Amino acid sequence: MTRPIIAVTTSNRSGWRIFPLVALNVWFAGGKAVRWGAGRPADLDKVDGVIIGGGDDISPDIYGGQLVTSARLDHDRDALERQIVEDTNARGMPVLGICRGSQMINVARGGTLHQDAYGVYTSSEKRWTILPRKEIWVDDNTRLSRIAGLQPMIVNSLHSQAVDKVGDGLRVAARDTGGMIQAIESIKEPFALGVQWHPEHLIYARRQRRIFRSLVMAARAYRKDLKQLQAVDTHVRLDPA
């Protein structure tokens, strides 16, 4: 069986160094990654799943927030990724959000963000490192708990913003020790999972590799179901009686 194709959205500024690492994680999980970004071709008909990658802050215009002067924005990327999240949900295509990507999944479904998350969650441990230094707790009876288990997870942290109001059809899947949301997921299918940390930098950790593996498995199931639907549609058109 050929590998499921996973699109990975990246920043035009830093995608050249981020994409190879994400692609390696996808390959180890059984998939094949292709890079998307603002100004690049992006056709959902050619892929089986999507990763919305990390990077720039999301413009507060999308969710009614106030502009922070220190924010680094990319409106073209915002528009692309928002449309992708909406379209994957409509198609039933699996999507994984990493850091900014988790926030975009939330915003595209009507949620909001804390633009100064650590100003709100003052007891949350503020970290800025790709090394696993931040402890989070996975909620019970969630997809993430089935993927990674319920034991406290030590992850990295490179964010200043975080989910505030949870979007439609989503629920909280993990928080840090101060209560800040660290993961969200779809309540029902299709597969949609957003993690506030960067699992691609934790490729040596079995529980982090499972996150990519779960996406690839969902993408493979999506492709199989789509082919079955196409086969049924072809049969009906050829034999309308």
Side-chain angles (χ1 to χ4, degrees), residues 8-29 33 35 37 51-58 60 68-74 77 81 96-107 113-139 142 144-145 147-164 172-185 193-215:
V8 181
T9 66
T10 66
S11 164
N12 286 336
R13 283 186 284 264
S14 59
W16 62 272
R17 61 181 174 80
I18 294 174
F19 174 75
L21 185 55
V22 177
L24 182 62
N25 279 271
V26 170
W27 183 266
F28 284 165
R35 183 183 172 190
I51 294 175
I52 307 294
D56 313 293
D57 293 329
I58 297 170
V68 177
T69 56
S70 60
R72 188 175 65 180
L73 307 179
D74 184 336
R77 185 183 180 190
E81 292 180 342
L96 169 66
I98 295 175
C99 197
R100 165 200 162 92
S102 178
Q103 298 167 10
M104 180 56 76
I105 289 174
N106 188 62
V107 167
L113 304 178
H114 290 299
Q115 291 177 266
D116 180 12
Y118 289 98
V120 175
Y121 292 95
T122 56
S123 60
S124 288
E125 191 175 20
K126 189 172 184 178
R127 297 286 190 173
W128 190 266
T129 175
I130 63 171
L131 300 176
R133 295 289 186 267
K134 185 180 182 74
E135 185 176 286
I136 67 168
W137 293 78
V138 179
D139 285 15
T142 59
L144 183 59
S145 69
I147 293 170
L150 285 172
Q151 299 84 357
M153 188 183 296
I154 308 300
V155 300
N156 49 31
S157 180
L158 294 170
H159 68 97
S160 58
Q161 300 184 330
V163 169
D164 179 10
V172 176
R175 296 180 184 269
D176 69 10
T177 54
M180 188 190 302
I181 295 173
Q182 294 293 309
I184 57 172
E185 64 182 30
L193 173 64
V195 297
Q196 189 59 72
W197 63 94
H198 287 263
E200 72 274 21
H201 287 291
L202 305 173
I203 193 170
Y204 49 84
R206 176 174 50 87
R207 298 169 74 189
Q208 304 304 319
R209 293 197 302 273
R210 285 181 178 175
I211 292 173
F212 291 99
R213 179 62 177 166
S214 66
L215 172 70

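The first residue in the sequence is number 1, and the count goes up from there. As the structure is a computational prediction, the values presented were derived from the model and not from experiment.
Of all heavy-atom pairs between I211 and P199, the closest is CD1-CB, 4.4 Å. The minimum heavy-atom distance between Q103 and A162, with the atom names listed, is NE2-N, 4.0 Å. Between L113 and D164, the shortest heavy-atom distance links the atoms C-CB, 3.7 Å. Of all heavy-atom pairs between V8 and A33, the closest is CG2-CB, 3.9 Å. Nearest approach of D176 to G178, heavy atoms of both residues: OD1-N, 2.9 Å.
For A148, the side-chain contact (heavy atoms from CB on, under 4.5 Å) criterion is met by L144, M153, R207, not counting sequence neighbours. For W128, the side-chain contact (heavy atoms from CB on, under 4.5 Å) partners are L158, not counting sequence neighbours. For the side-chain hydrogen bond (donor to acceptor under 3.5 Å, both in side chains) test, no residue two or more places apart in sequence or in another chain qualifies with S160. Under the rule for a side-chain hydrogen bond (donor to acceptor under 3.5 Å, both in side chains), S102 has no partner lying at least two apart in sequence or in another chain. When the salt bridge (charged side-chain N to carboxylate O under 4.0 Å, His left out) test is applied to E125, the partners found at least two apart in sequence or on another chain are R127.
Between the side chain of Q196 and the backbone N or O of H159, no donor-acceptor pair lies under 3.5 Å.
Between the CD1 atom of I58 and the CG atom of D74 there is a distance of 11.5 Å, given to the nearest 0.5 Å. Note that the CZ atom of R77 and the CZ atom of R100 stand 4.0 Å from one another [nearest 0.5 Å]. Atom CH2 of W16 is separated from atom CZ of R35 by 10.5 Å, given to the nearest 0.5 angstrom. The distance from atom OG1 of T9 to atom CE of M104, rounded to the nearest 0.5 Å, is 8.5 Å. A distance of 12.0 Å separates OH in Y118 from CD in Q161, rounded to the nearest 0.5 Å. Separating the CD atom in Q208 from the CG atom in L202 is a distance of 5.0 Å, to the nearest 0.5 Å.
The side chain to side chain contact (heavy atoms under 4.5 Å, CB included) test with I147 singles out one residue from T142, L193, V138, and that residue is L193. Paired with Q182 under the rule side chain to side chain contact (heavy atoms under 4.5 Å, CB included), one option of I136, T177, V163 passes, and it is I136.
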Got a list of side-chain donor-acceptor pairs under 3.5 Å for residues 17-27, not counting sequence neighbours?
residue	atom	partner	partner atom	Å
N25	ND2	L21	O	2.9
N25	ND2	E200	O	3.1

*Any chance you could lay out the side chain to side chain contact (heavy atoms under 4.5 Å, CB included) test for D57 and Q115, step after step, and finish with the verdict?*
CA-CA 9 Å; D57 293 329; Q115 291 177 266; over 6 Å; no
*asked:* Using side chain to side chain contact (heavy atoms under 4.5 Å, CB included), reason through F212 and L96 one step at a time and then give a plain yes or no.
replied: CA-CA 8 Å; F212 291 99; L96 169 66; 4.2 Å; yes
